[in-house]
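Keep in mind it's a predicted model, so treat the numbers as computed, not measured. First listed ligand is number 1; within each ligand, the first listed atom is number 1.
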Amino acid sequence: MAEMKQKAVEDLGRAAASVEIRHLTDLLERANIAYHQNDAPEISDEEYDLAKRRLIQIEALFPKLKKTTSPTEKVGAIPREGFSKVSHAVRMLSLGNAFDPEDVTDFDKRIRSFLGKGQKDELIYTAEPKIDGLSLSLRYENSILVQAATRGDGGVGENVTKNALTIKDIPRNLTGAPEILEVRGEVYMSHADFSALNQRQRESNAKPFANPRNAAAGSLRQLDPNITAARPLKFFAYAWGEVSAPLAATQWEAIQRLKELGFQVNPLTKRCKTPADLLAQYAQIETNRADLGYDIDGVVYKVDDLDLQTRLGFRSTTPRWAIAHKFTAETAWTHLEAIEIQVGRTGALSPVARLQPVTVGGVVVSNATLHNEDYIKGFDSKGAQIRDGKDIRVGDLVQVYRAGDVIPKIKDVDLSKRPDNAEPYPFPTTCPKCNSDALREKGDAVHRCTGGMICPAQAIEKLKHFVSRGAFDIDGLGAKQVEAFYQKGWIKTPVDIFLLQENHEPALRALDGWGDKSATNLFQAIENKRSISLSRLIFALGLRHVGAGSAGLLARNYGSWIKFQRAISNAKIGEGPLWNTLISIDGVGEVMATSLVTTFQQTAESTAINHLVSMLNIKEIAAPAVTSPIADKVVVFTGKLEKTTRAEAKARAEALGAKVSGSVSKNTDILIAGPGAGSKAKKAAELGIKTLDEDGWLSLIKNL
Ligand code: IVH
């Protein structure tokens, strides 16, 4: 009797497992196609991971139900043999954001202060709609369109020339253009064309697109240009990259010139003189927004005078001379079903709200970030109340909003709808992935898992970061693939990537979904990346507080891996010449420096880093192409500058390859001393360091 009962229970379990396996298999297969082949992810990475983990668990419990074709056997989908890559002659950058009028007045103030202009001095801006599409760079040589490329990571994009040639707004030939002209702008789809396209998608049982932006991106990035040709895309020109001769003296005139050359330019562009004018134009464009017939998500302000644009220059990924003023985010109310904890590569525990799916601004939202313990309790990082101090509990009705492409957030909680049994959220004190203690240090809002590399979540996130775009960026080895290889035990640390062929070649070639060709391509792509730039390597290590910009600074300042590694491994926190050199790099603060030195002095970490480096060929920072008398020189500014501001002088020196330091030492090459220079000038004199006044400096860099 007991045996029969046991068998009945097992049968029931097997039947339920079989149904769930089918459901999860369908879900994962659809997600794979959506992600890898259609560029239109349907579920979040977390949902994908959850489903895959569940399927692995069930298959382990019922091995007989596991199919050889199960998605758990596949490592992502076969990498798409897509477009060739294109290096942009001039980087394609993104824009900083403004969200309220104060951000706009700050933008104006920052520019005036950089240029040394008073509040009353005239400064003209342009204001134009920010088109919600995807950016494209069109290269014309001798007036013929020779290449069209997507933005990609800003440095390298995809070659979509054949597809761009099918877009009516994009001229194939120009008359009277400079010999080399790169026109940049936005590819978008109008509302009418979007509805008609989705109608056709539904009629042919294809999945409709979520919004015009996705439809435009999916249509431009089609491997078959005939499909692009059948999708009505449009193009607005608003900027340029490489040009062999200037288009004009101002942004406004340059845009008029592009119009004369046959490009569509946005008719709502206006010249403005003050932040108040900019805000008035913003209001005007927002009023027209619903009637434009295409999506815009804000207004872009640019300094009109192109000489001033050049003087203002760029931060690491955004220009100082432009900003995007975003429209207020759309909101929606929904229920918070659960709070889950994700563990990042530095061990930070990030709470994520799982929401009942709801549409916000045309996109289905099912997750929102909850930041940290205090945020859930109703406090910001300074201890001030947010949401009037209302905490967030599972079961609550919450208001979500999306601002731009960022992860949705929770704006408010409706306490009148709070279920009686809703409890305050108990923030975990152990890591949910490896059970190690999760500690919250004094003064830090974040709980961190103390498991280090024994924590699978940290290990996987570190690997994902290592292969990400700004880091090693290995073709065919994305987040999904490293994760799958990690689960198989093939790649546990970055070193294993470079041992993949040696250790797992036959198994990988035999893996479902791969095959000989894609495996060969992957091994080749890995080989190619053995040669890597110093800044990418430093960024890829995923050190706390070291982003892509700081990695670039460190690489430029130390020049080679050997110098960098020796300096950091031998530095003493808070004292000594190596420490002083490190923190004298403009842009490196004590927090970053401490984190670097601490990491490099941990035996396990530094052994792992050395092992990795032994497999690589690290490209040293090449001498700048222009022979600048200040390239690689350490310069220090002191005293008052009268012809440029300190910010501008520093930006200019860095652009010419110099390293700007805040203090004088025997490593200093040039001191630029204005009136009022004190102890630094004295020290430089003692050390016999070359000292220039501002005019001397300006004549040194003139014509560079
Ligand atoms: S100017 C150096 N103008 O917004 C800056 N960008 O968030 C060049 N965009 O990557 C960009 N409309 O794809 C500019 N009128 C406009 C724009 C615009 C849309 C996009 C562009 C850019 C992104 C930045």
Side-chain angles (χ1 to χ4, degrees), residues 88-99 103 107 111 125-138 148-158 160 164 169 182-190 211-214 216-217 220-221 233-243 247 250-252 254-256 258-259 263-272 278 281-282 284-286 288-289 292 294-306 308-327 329 402-406 469 655:
H88 296 298
V90 174
R91 275 177 70 76
M92 287 182 82
L93 294 158
S94 61
L95 294 168
N97 290 326
F99 294 102
D103 292 341
F107 167 67
I111 289 177
Y125 294 99
T126 59
E128 66 198 68
K130 180 171 186 306
I131 317 298
D132 197 5
L134 69 154
S135 46
L136 186 69
S137 185
L138 304 169
T150 61
R151 181 171 129 192
D153 65 1
V156 177
E158 286 179 318
V160 291
D169 287 349
E182 284 182 359
V183 176
R184 292 183 174 170
E186 204 84 351
V187 173
Y188 67 101
M189 193 179 281
S190 73
N211 53 44
R213 206 193 84 81
N214 284 1
L220 183 69
R221 296 183 69 249
L233 293 173
K234 295 194 150 81
F235 180 80
F236 273 129
Y238 52 65
W240 54 93
E242 189 180 353
V243 278
L247 286 174
T250 63
Q251 176 79 29
W252 175 266
I255 296 301
Q256 299 315 310
L258 292 177
K259 188 175 171 187
F263 292 93
Q264 300 298 318
V265 300
N266 197 289
L268 294 176
T269 309
K270 231 188 124 179
R271 266 173 158 161
C272 298
L278 292 174
Q281 176 64 357
Y282 174 89
Q284 178 68 41
I285 292 178
E286 195 172 28
N288 285 338
R289 187 178 180 191
L292 290 178
Y294 51 86
D295 276 354
I296 61 173
D297 57 347
V299 179
V300 182
Y301 308 138
K302 298 174 184 167
V303 169
D304 192 37
D305 182 328
L306 298 185
L308 294 184
Q309 285 192 4
T310 309
R311 277 178 61 191
L312 284 155
F314 300 88
R315 293 180 223 93
S316 62
T317 57
T318 55
R320 287 194 189 85
W321 44 264
I323 201 164
H325 187 179
K326 295 295 196 72
F327 291 133
R402 278 178 67 238
D405 311 327
V406 299
R469 263 188 180 178

*asked:* Below 4.0 Å, non-hydrogen atoms only: which portion of K302 touches ligand 1? Side chain, backbone, both or neither.
replied: side chain

*Is it the side chain (CB and beyond), the backbone, both or neither of V300 that lies under 4.0 Å from ligand 1, heavy atoms counted?*
side chain

*Check ion pair D297-K130 (N to O, under 4.0 angstrom)*: yes

_Y301, Y238, Y188: member with heavy atom nearest to atom 17 (C) of ligand 1_ = Y238

Starting from [atom], find the nearest protein heavy-atom neighbour and note its residue, name and distance.
atom: atom 5 (C) of ligand 1; result: L95 CD2, 3.6 Å
atom: atom 13 (O) of ligand 1; result: E186 OE1, 2.8 Å
atom: atom 23 (C) of ligand 1; result: K130 NZ, 4.0 Å

Identify, by atom number and element, the atoms of ligand 1 in contact range of [X], meaning under 4.0 Å from any of its heavy atoms.
X: E128; value: 3 (N), 15 (N), 16 (C)
X: P319; value: 2 (C)
X: L93; value: 10 (O)

*Parallel, tilted or perpendicular: which fits the ring planes of H325 and Y282, with parallel below 30° and perpendicular above 60°?*
parallel

*asked:* Using heavy atoms and a 4.0 Å limit, tell me yes or no: is R151 in contact with ligand 1?
replied: yes

*Under the 3.5 angstrom rule, does the side chain of Q281 hit a backbone N or O of L268 as a donor-acceptor pair?*
yes

_Given 3.5 Å as the limit, does a donor-acceptor pair link the side chain of R213 with the main chain of G133, or not?_
yes

Is any N or O atom of [X], backbone or side chain, closer than 3.5 Å to an N or O atom of ligand 1?
X: W321; answer: no
X: P129; answer: yes
X: I131; answer: yes

_Test item: V90 and R184 side chains (from C-beta on) under 4.5 Å apart, heavy atoms_ = yes

*Sub-4.5 Å side-chain heavy-atom contact between Y125 and I323*: no

*Can you list the steps and then say if T126 with Y238 is a side chain to side chain contact (heavy atoms under 4.5 Å, CB included)?*
CA-CA 11 Å; T126 59; Y238 52 65; over 6 Å; no

_Restricting to side chain to side chain donor-acceptor pair (under 3.5 Å), what partner residues turn up for R469, sequence neighbours left out?_
none

*asked:* Test of understanding: with side chain to side chain contact (heavy atoms under 4.5 Å, CB included), list the residues that count as partners of A89, not counting sequence neighbours.
replied: R139, E182, E242

